[in-house]
Amino acid sequence: MSDGTPTDQHQAQPGMAHPDMEGGPALRTIAMPADTNPNGDIFGGWLLSQMDLAGGVAALRRAGGRVATVGIEAMTFHKPVYVGDEVSCFAHVTKVGRTSIRVRVETWVRRQRSAGEAIKVTEGVFTYVAIGEDRRPREVPPE
């Protein structure tokens with residue numbers, strides 16, 4: 001498609017980024033052999049932790065300071081991640097409450113063997129709470 005929209009919900013055209021990728025990822029890393037499960041695929045828990053870090057970056061920026069993860073919902077694994085994949089997590093704040101911040105995180109990979117084609121592998125919604133110096137919830141400042 002000429003507007004950069006993926007051709008389906010899990011795959012972008014070669015050389016084209018998903019529209020949410022334009023601002024850049026909150027986190028980018030390479031999946032390594034140490035991150036695999038007994039079957040040789042990247043362990044889902046590793047991927048979840050990368051997504052939590054990416055969501056935490058977005059929440060920290062919006063909160064203007066420390067945040068803690070308080071919930072994960074709607075987590076969906078669409079496709080496996082393989083050793084050597086370039087893993088990019090994109091985070092977007094979707095809702096701000098008095099002390100909480102909800103962040104949608106999508107994870108896309110570029111496989112070593114696929115000429116830069118972006119593939120969405122997972123997505124989820126993470127909720128963080130702003131934490132004060134006293135380690136208790138604090139109000140999120142207005143934008």
Side-chain angles (χ1 to χ4, degrees), residues 1-133 135-138 140-141 143:
M1 295 186 168
S2 60
D3 65 356
T5 304
T7 55
D8 68 32
Q9 72 180 65
H10 303 300
Q11 197 163 348
Q13 294 176 0
M16 298 183 76
H18 182 276
D20 293 342
M21 291 183 174
E22 292 173 5
L27 180 139
R28 180 174 284 153
T29 190
I30 302 294
M32 301 297 287
D35 306 319
T36 59
N37 62 26
N39 297 318
D41 296 323
I42 295 301
F43 180 56
W46 177 84
L47 189 54
L48 178 66
S49 71
Q50 302 307 303
M51 294 174 72
D52 188 24
L53 288 169
V57 167
L60 178 135
R61 288 179 182 156
R62 177 58 185 87
R66 185 176 176 182
V67 296
T69 309
V70 295
I72 301 170
E73 57 185 274
M75 191 71 189
T76 306
F77 292 92
H78 299 293
K79 297 189 183 257
V81 176
Y82 303 117
V83 171
D85 283 354
E86 177 185 293
V87 178
S88 297
C89 298
F90 297 86
H92 174 72
V93 173
T94 60
K95 183 178 178 185
V96 178
R98 190 176 68 77
T99 62
S100 65
I101 301 169
R102 177 180 262 184
V103 180
R104 177 177 175 76
V105 181
E106 288 187 3
T107 302
W108 291 69
V109 300
R110 292 190 190 277
R111 306 225 191 262
Q112 289 179 336
R113 305 168 288 282
S114 66
E117 182 178 4
I119 302 165
K120 183 163 65 170
V121 293
T122 190
E123 59 189 308
V125 177
F126 292 70
T127 302
Y128 301 86
V129 66
I131 303 293
E133 292 294 322
R135 296 182 181 255
R136 298 181 52 83
R138 65 173 171 83
V140 176
E143 279 191 277

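Along the sequence shown, residues carry numbers from 1.
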Inter-residue atom distance [X].[atom1] - [Y].[atom2], 0.5 Å rounding:
X    : Y   : atom1 : atom2 : value
F43  : D35 : CZ    : CG    : 10.5 Å
T127 : K95 : OG1   : NZ    : 9.0 Å
L48  : L53 : CG    : CG    : 10.0 Å
T107 : M51 : OG1   : CE    : 4.0 Å
Q50  : I42 : CD    : CD1   : 10.0 Å

Got [X] and [Y] here, is their nearest side-chain heavy-atom distance under 4.5 Å?
X    : Y    : answer
F77  : L47  : yes
K79  : I119 : yes
V121 : H78  : no

- Crowded around E73 CD? As in, over 12 foreign heavy atoms under 6.0 Å?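 Yes - once you tally the heavy atoms of other residues, nucleotides and ligands closer than 6.0 Å, there are more than 12.
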Taking all non-hydrogen atoms of both residues, which atom of [X] and which atom of [Y] are closest, and how far apart?
X    : Y    : answer
V93  : A58  : CG2-O, 4.0 Å
V103 : A91  : CG1-CB, 3.7 Å
N37  : N39  : OD1-N, 2.8 Å
P137 : V129 : CB-CG2, 3.9 Å
L27  : A54  : CB-CB, 3.9 Å

- Message: With side chain to side chain contact (heavy atoms under 4.5 Å, CB included) as the criterion, how do I72 and V125 come out once you've worked through the C-alpha distance, each side chain's angles and the decisive distance to 0.1 Å?
- Response: CA-CA 6 Å; I72 301 170; V125 177; over 6 Å; no
May I ask you to decide if [Y]'s main-chain N or O and [X]'s side chain share a donor-acceptor pair within less than 3.5 Å?
X    : Y    : result
D52  : G55  : no
R111 : V81  : no
D85  : V87  : no
T76  : T122 : no
Y128 : V67  : no
R28  : S88  : no
R66  : R135 : no

- Query: For I131 and R136, what are the C-alpha separation, side-chain angles and deciding distance, and is it a side chain to side chain contact (heavy atoms under 4.5 Å, CB included)?
  - Reply: CA-CA 5 Å; I131 303 293; R136 298 181 52 83; over 6 Å; no
- Message: Looking only at side-chain N and O atoms, does T94 offer a donor or acceptor that is under 3.5 Å from a partner on R104?
- Response: no
- Task: Tell me, with the steps shown, if F90 and V105 meet side chain to side chain contact (heavy atoms under 4.5 Å, CB included).
- Result: CA-CA 6 Å; F90 297 86; V105 181; over 6 Å; no
- Message: Test side chain to side chain contact (heavy atoms under 4.5 Å, CB included) on R62 and E143; report intermediate values, then the result.
- Response: CA-CA 8 Å; R62 177 58 185 87; E143 279 191 277; 3.3 Å; yes
